> 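Dumping the structure here so I can ask a few things about it.
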Amino acid sequence: MIEMLKGSLILVGAIFMFLAALGLVRLPDLLTRMHATTKAATLGASLIMLAVALHFGEVAVVARALGVILFIMMTAPVAAHVIGRAGYFVGSRLWHGTVKDELRPNYDPLTHELKSGLETEANAVHQPRENDPK
Amino acid sequence: MSIVILASLVLMTLALCLAFVRLYLGPSLPDRVVALELFSSMIVGIIGVVAIATDVPSLLDVAIVMALMAFMAAIGFARFLERGGPRDD
């Protein structure tokens with residue numbers, strides 16, 4: 001029973017990783033590629049780590065495997081966000097079929113300023129701070 | 001069991017080859033960074049499978065270090081891209 005569960009976890013994890021690599025090659029632009037790699041590869045690595053935890057069944061190994069899963073699940077979105085942000089700043093092109101780009105009307109690539117939609121006259125007045133240069 | 005391990009290792013090797021294709025083609029630097037990210041998580045998976053195949057639980061420490069290094073590398077690359085990388089457009 002455990003053997004079968006373990007085997008299917010390993011196989012499904014490997015298949016998800018293969019799908020992630022397939023998406024990385026086949027999808028058209030940076031953001032869709034990141035969509036494939038972050039989700040599918042994280043799920044694949046987590047499933048394989050679950051299989052490792054099932055296989056050994058000792059406290060130390062299970063704790064380490066769960067630690068790896070937790071770490072991957074916590075860092076993958078952060079890394080994806082940072083890379084996607086850097087990609088947008090560097091100017092990588094979106095796919096021509098992209099329906100909506102919410103940043104384009106609000107973001108100035110030269111000054112790195114992002115409009116929030118709350119730009120009124122009152123808000124535009126400069127509020128002096130302590131460490132402003134005189 | 002061994003056929004499952006063999007099949008999953010073959011699948012993940014094929015996936016590594018596909019990621020290498022993207023690393024070679026990748027039109028811009030962020031695409032290559034994404035490919036490197038995928039490498040690291042696939043290597044974590046491969047280390048897990050090898051740990052099962054050889055019954056050596058210490059290999060998990062290598063997987064932990066691999067995940068940590070990949071995260072650091074992604075942050076560093078993104079920092080480099082934002083601060084001083086070349087523009088594409």
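It should be emphasised that the depicted structure is a prediction, and the values quoted were computed from it without experimental measurement. Any value given below was found using the heavy atoms of this structure, including those in side chains, with hydrogens, waters and symmetry copies removed. A note on names: the letters A, B, ... follow the listed sequences, proteins ahead of strands, and every chain is numbered from 1.
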> Would you say L9(B) and F20(B) are hydrophobically clustered, going by side-chain heavy atoms of ILVMFWY under 4.5 Å?
yes
> Looking at CG of L18(B) and CE of M17(A), how far apart are the two atoms once the value is rounded to the nearest 0.5 Å?
14.0 Å
> What do you reckon, is CZ of F71(B) surrounded by more than 12 foreign heavy atoms closer than 6.0 Å?
yes
> Within a strict 4.5 Å, meaning less than it, do heavy atoms of the F77(B) and V82(A) side chains meet?
no
> Could you have a look at V61(A), T75(A), L47(A) and say which one has the most heavy-atom pairs with chain B under 4.5 angstrom?
T75(A)
> Using the rule that Ile, Leu, Val, Met, Phe, Trp and Tyr join whenever any side-chain heavy atoms are under 4.5 Å apart, tell me whether L66(A) and M73(A) fall into a single cluster.
yes
> Output the option from A67(B), A63(B), A7(B), C17(B) having the highest count of non-hydrogen pairs under 4.5 Å with chain A.
A67(B)
> What do the steps show when you test E37(B) against I83(A) for side chain to side chain contact (heavy atoms under 4.5 Å, CB included), and what is the final call?
CA-CA 10 Å; E37(B) 273 284 303; I83(A) 295 173; 3.8 Å; yes
> To the nearest 0.5 Å, what is the distance between OG (S28(B)) and CG (D29(A))?
10.0 Å
> At a heavy-atom separation under 4.5 Å, does V56(B) approach chain A through its side chain, its backbone, both, or neither?
backbone
> Name the option with the most non-hydrogen atom pairs under 4.5 Å to chain A; the candidates are I46(B), V49(B), L68(B).
L68(B)
> When hydrophobic residues are tied together by side-chain contacts of less than 4.5 Å, even through go-betweens, does L16(B) share a cluster with L19(A)?
no
> Which pair of non-hydrogen atoms, one from G48(B) and one from M49(A), has the smallest distance, and what is that distance?
CA-CE, 4.0 Å
> Could you give the distance from OG (S8(B)) to CD1 (I15(A)), rounded to the nearest 0.5 Å?
9.5 Å
> Which one wins on heavy-atom pair count under 4.5 Å against chain A: A70(B), A74(B), P57(B)?
P57(B)
> If I measure from the heavy atoms of chain A, does S58(B) come under 4.5 Å with its side chain, its backbone, both, or neither?
backbone
> Can you tell me if R64(A) uses its side chain to pair, donor with acceptor, with the backbone of L60(B) under 3.5 Å?
no
> Can you tell which part of I72(A) gets under 4.5 Å to a heavy atom of chain B, answering side chain, backbone, both or neither?
side chain
> Are F71(A) and I43(B) joined in one hydrophobic group, where the rule is that I, L, V, M, F, W and Y side chains link up if heavy atoms are under 4.5 Å apart?
no
> To the closest 0.5 Å, what do you measure between CZ (F39(B)) and CG (L24(A))?
9.0 Å
> Under a 4.5 Å cutoff for heavy-atom pairs, which residue among A19(B), S41(B), A15(B) has the most contacts with chain A?
A15(B)
> Looking at V4(B), I52(B), V34(B), which makes the most heavy-atom pairs under 4.5 Å with chain A?
I52(B)
> Got a second to check how far M42(B)'s CE is from F18(A)'s CZ, nearest 0.5 Å?
10.5 Å
> Would you name the heavy atoms of L30(A) and D31(B) that are closest together and state the gap between them?
CD1-OD1, 3.5 Å
> Picking from A45(A), A79(A), A40(A), which has the most non-hydrogen pairs under 4.5 angstrom with chain B?
A79(A)
> Under a 4.5 Å cutoff for heavy-atom pairs, which residue among D61(B), I3(B), I5(B), V21(B) has the most contacts with chain A?
D61(B)
> Using heavy-atom distances under 4.5 Å, tell me whether A60(A) contacts chain B through its side chain, its backbone, both, or neither.
neither
> Within the supplied structure, the quantity of interest is the number of heavy atoms (other residues, nucleotides, ligands) at a distance under 6.0 Å from F16(A) CZ; does it exceed 12?
no
> Membership question, hydrophobic clusters at under 4.5 Å side-chain separation (ILVMFWY): are V12(A) and L11(B) in the same one?
no
> Between L27(A) and R22(B), which heavy-atom pair has the shortest distance, and what is it?
O-NH2, 4.2 Å
> By a 4.5 Å heavy-atom criterion (distance strictly below it), what part of L38(B) contacts chain A: side chain, backbone, both, or neither?
side chain
